[in-house]
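Heads up: the structure comes next, in structure tokens.
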Amino acid sequence: MSEHPFLAWRIGLICLLTACAPAEQSLSRVHFVEVAQPAGLALRNTCGSPDKRYIIEAKGGSLAAFDYDQDGDLDLYIVNGSTLEGFSPETAPRNALYQNAGDATFQDVAATTGVDDASWGMGAVAADYDNDGDPDLYVTNYGANRFYHNAGNGTFTDQASLAGLDDARWSTGAAWSDYDNDGDLDLYVANYIDFDVDFIPKGADAGMWRGLNVMYGPRGLVGAADALYRNEGDGTFTDVTQAVGVTDHYKRYGFTPLFSDFDRDGDQDLFVANDAGPNMFYRNQGNGTFAEEALETAVALLESGDAQACMGAASADYDNDGDFDLYVTNFALDYNTLYQNDGHGFFKDATATAGLIYPTWPFVGWGTGFADFDNDGWQDLFVANGHVYPQVEQLERGASYRQKNQLFLSAGNGRFEDATAAAGPGFAIEESSRGAVLADFDNDGDIDIAVHNLDSTPSLLRNDSPASNHYLIVRVQGVQSNRDGIGTIVVVETSDGTQVREIRAGSSFLAQDDMRAHFGLGGERVAQRLAVHWPSGQVDRFADIQADRILTVREGQGLSP
């Protein structure tokens, strides 16, 4: 966590020059309603003490959207936390797996399915690592991580130890990717701090922020190195961190890893958002190794040379130019950063020109993601906010611990408009939020939002925007490529232009979004062309696809409803 007081004058000048004050006009084309309670999402998060005496108490947790039972609608896994004092087995907070009944109402089946972990949870990602047709689940913890193998009969078994994935460090974010293009999925796990409560400064030596006595860290604490695990294809994984060049030599405070083919060369590169230190960018060399190029690609630091406190990360082609840009959330009195891709996997800070500095400056940003919430053909941006210091309420400047989340609508010209105030009652909620997932839970063609709230129940923001625009949702199934098609590029062309999506598992903040490719088509009722570029190199092409449908493309075998 960090702040840059010297930037205040610079940011104020940038805002003045780029007119990045919030838009005054009504942005009524989106409308979200909070439906978590009637939908049955009742899990109450436990995360340490109310005053957050230690850093572990302020950082979790998150959620993952995936179709665990393969019935065509998305279920929701939510991690829970604990306290340093601990609980008896009978009273311990546990994770929840909410099974979607098909109408976006949910029932917790974690106990009967075997995924009701009582560890201090952080995040979750799901993918079909063994290509057997159903998604498996990896859960990161403060303590041993869990790796739940999906038996295909509605139950899971924890195979973390057998698979070599039971890392006992404080793990945070994780992401699946077939980095070596061998047809099965590998796993990157970010680790945060080598945390031991007995060695945390207390009393007069504890943390200080803006004159307030707060928890200590992360600066001053020893970090924990990340790890990359290669899938051996037999149910086990090998730690190849050193061998492939993703060494995290300085043991930075890792939060959110994100795989994406940023340079569009056919293999997956890796960005890692780090707290209170430089980010990492590993460019895939195409030979099973990576080269760390965060400084060269201009995503390690601010242009001033200062590190930000980066938490969440999202990637999308927000400007519809065919490559994947990057958005990173940060601490208060700093701005969330939008990095625009130049088409070759190098970036420039486009936050000011996009109008996104002023709106994010007061907030602590966590989960984030791009999605076309109004189906107009341009991807919009969501940010979950929430402070880490409850003591911030003591300040006289109106700072708050519980904060509103934010929605920014694309204007279609590289700029975004702050639509938070006009986005409906779902955006009037104030919590200390962390992870967030973007997913079409009710399969109605628009993207909903689920949010993990610290020491509270989750939010489920149903998208009830006017259905004036058309959409297309594409689900992919690999054959030669990995079964989930992670790393697949999906391209849709209409008379309005070309849109590109990438299939991923792991982003936001320690979370997983809907892996299906969602396209807003505006007024177009037909997509003139659909192309699916698989990790194997296979390209499937289709013409004249009717809108307002959910389709499955099976690699080399065509379309099915």
Side-chain angles (χ1 to χ4, degrees), residues 1-4 55-56 58-62 122-123 125 140 142 167 169-175 177 187-195 215-228 241 245-260 262 269-283 290-315 326-339 347 349 351 360 364-368 383 388 434-435 506-511:
M1 293 166 289
S2 64
E3 61 178 273
H4 309 284
I55 194 168
I56 180 69
K59 297 301 179 178
S62 201
M122 291 288 137
V125 287
T140 56
Y142 168 52
D167 195 328
R169 293 174 291 180
W170 180 0
S171 298
T172 49
S177 173
L187 181 68
Y188 188 92
V189 180
N191 293 301
Y192 191 55
I193 286 172
D194 184 7
F195 180 82
M215 65 190 183
Y216 187 87
R219 288 196 175 95
L221 299 175
V222 177
D226 300 348
L228 176 62
T241 309
V246 291
T247 57
D248 190 14
H249 175 73
Y250 296 103
K251 296 184 176 180
R252 293 171 178 152
Y253 310 123
F255 265 145
T256 303
L258 187 154
F259 282 99
S260 180
F262 287 108
D269 310 302
L270 172 63
F271 172 82
V272 185
N274 293 317
D275 191 6
N279 299 318
M280 295 178 295
F281 183 91
Y282 297 107
R283 192 182 299 277
F290 293 82
E292 210 288 303
E293 298 181 0
L295 284 174
E296 294 89 332
T297 56
V299 297
L301 306 163
L302 282 170
E303 292 177 342
S304 63
D306 287 271
Q308 294 182 290
C310 300
M311 273 79 84
S315 178
L326 183 64
Y327 190 75
V328 185
T329 56
N330 292 301
F331 202 68
L333 306 185
D334 197 352
Y335 60 90
N336 300 340
T337 309
L338 177 64
Y339 294 103
F347 300 85
D349 186 341
T351 319
T360 66
V364 179
W366 299 90
T368 187
V383 181
V388 298
R434 294 296 182 266
S507 63
S508 182
F509 176 72
L510 327 184

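Computed from a predicted structure; not experimentally measured.
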Any donor-acceptor pair under 3.5 Å from [X] side chain to [Y] backbone:
| X | Y | result |
| --- | --- | --- |
| Q308 | A276 | no |
| T140 | G123 | yes |
| N191 | A225 | yes |
| Y339 | A298 | no |
| D194 | V222 | no |
| T172 | A190 | yes |
| T368 | A313 | no |
| T241 | L228 | yes |
| T256 | M311 | yes |
| D248 | D226 | yes |

For this session: Check the angle between the aromatic planes of Y282 and Y188 and answer parallel, tilted or perpendicular using the 30° and 60° thresholds.
Result: tilted
Exercise. What orientation do F255 and F509 show, parallel under 30°, tilted 30 to 60°, or perpendicular over 60°?
Worked result: perpendicular
Would you mind reporting whether [Y] and [X] have side-chain heavy atoms less than 4.5 Å apart?
| X | Y | result |
| --- | --- | --- |
| N336 | T351 | no |
| T297 | R283 | yes |
| Y253 | N274 | no |

Exercise. If you measure only the distance, is there a donor-acceptor pair under 3.5 Å linking the side chains of Y335 and D349?
Worked result: yes
Exercise. What is the distance from atom CG of D334 to atom CG of D306, rounded to the nearest 0.5 Å?
Worked result: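 That separation rounds to 9.0 Å.
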Problem set entry | Atom pair CD (E292) and CG (N279), whose distance is rounded to the nearest 0.5 Å | 9.5 Å
For this session: State yes or no: are the ring centers of F262 and F271 separated by less than 6.0 Å?
Result: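 So the answer is no for these two rings.
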For this session: Let me see the working for V388 and M215 under side chain to side chain contact (heavy atoms under 4.5 Å, CB included), right down to the final yes or no.
Result: CA-CA 9 Å; V388 298; M215 65 190 183; 3.9 Å; yes
Can you see which heavy atom on [X] is nearest to which on [Y], and at what distance?
| X | Y | result |
| --- | --- | --- |
| T329 | G365 | OG1-O, 3.3 Å |
| G506 | V125 | CA-CG1, 3.8 Å |
| L258 | S507 | CD1-CB, 3.7 Å |
| M122 | K59 | SD-C, 4.5 Å |

For this session: Check ring-ring contact (aromatic ring centres under 6.0 Å, His included) between F195 and all other residues, then give those that pass, not counting sequence neighbours.
Result: Y142, W170
Exercise. Do Y192 and I56 pass the side chain to side chain contact (heavy atoms under 4.5 Å, CB included) test, and can you show the C-alpha distance, the side-chain angles, and the key distance before you say yes or no?
Worked result: CA-CA 10 Å; Y192 191 55; I56 180 69; over 6 Å; no
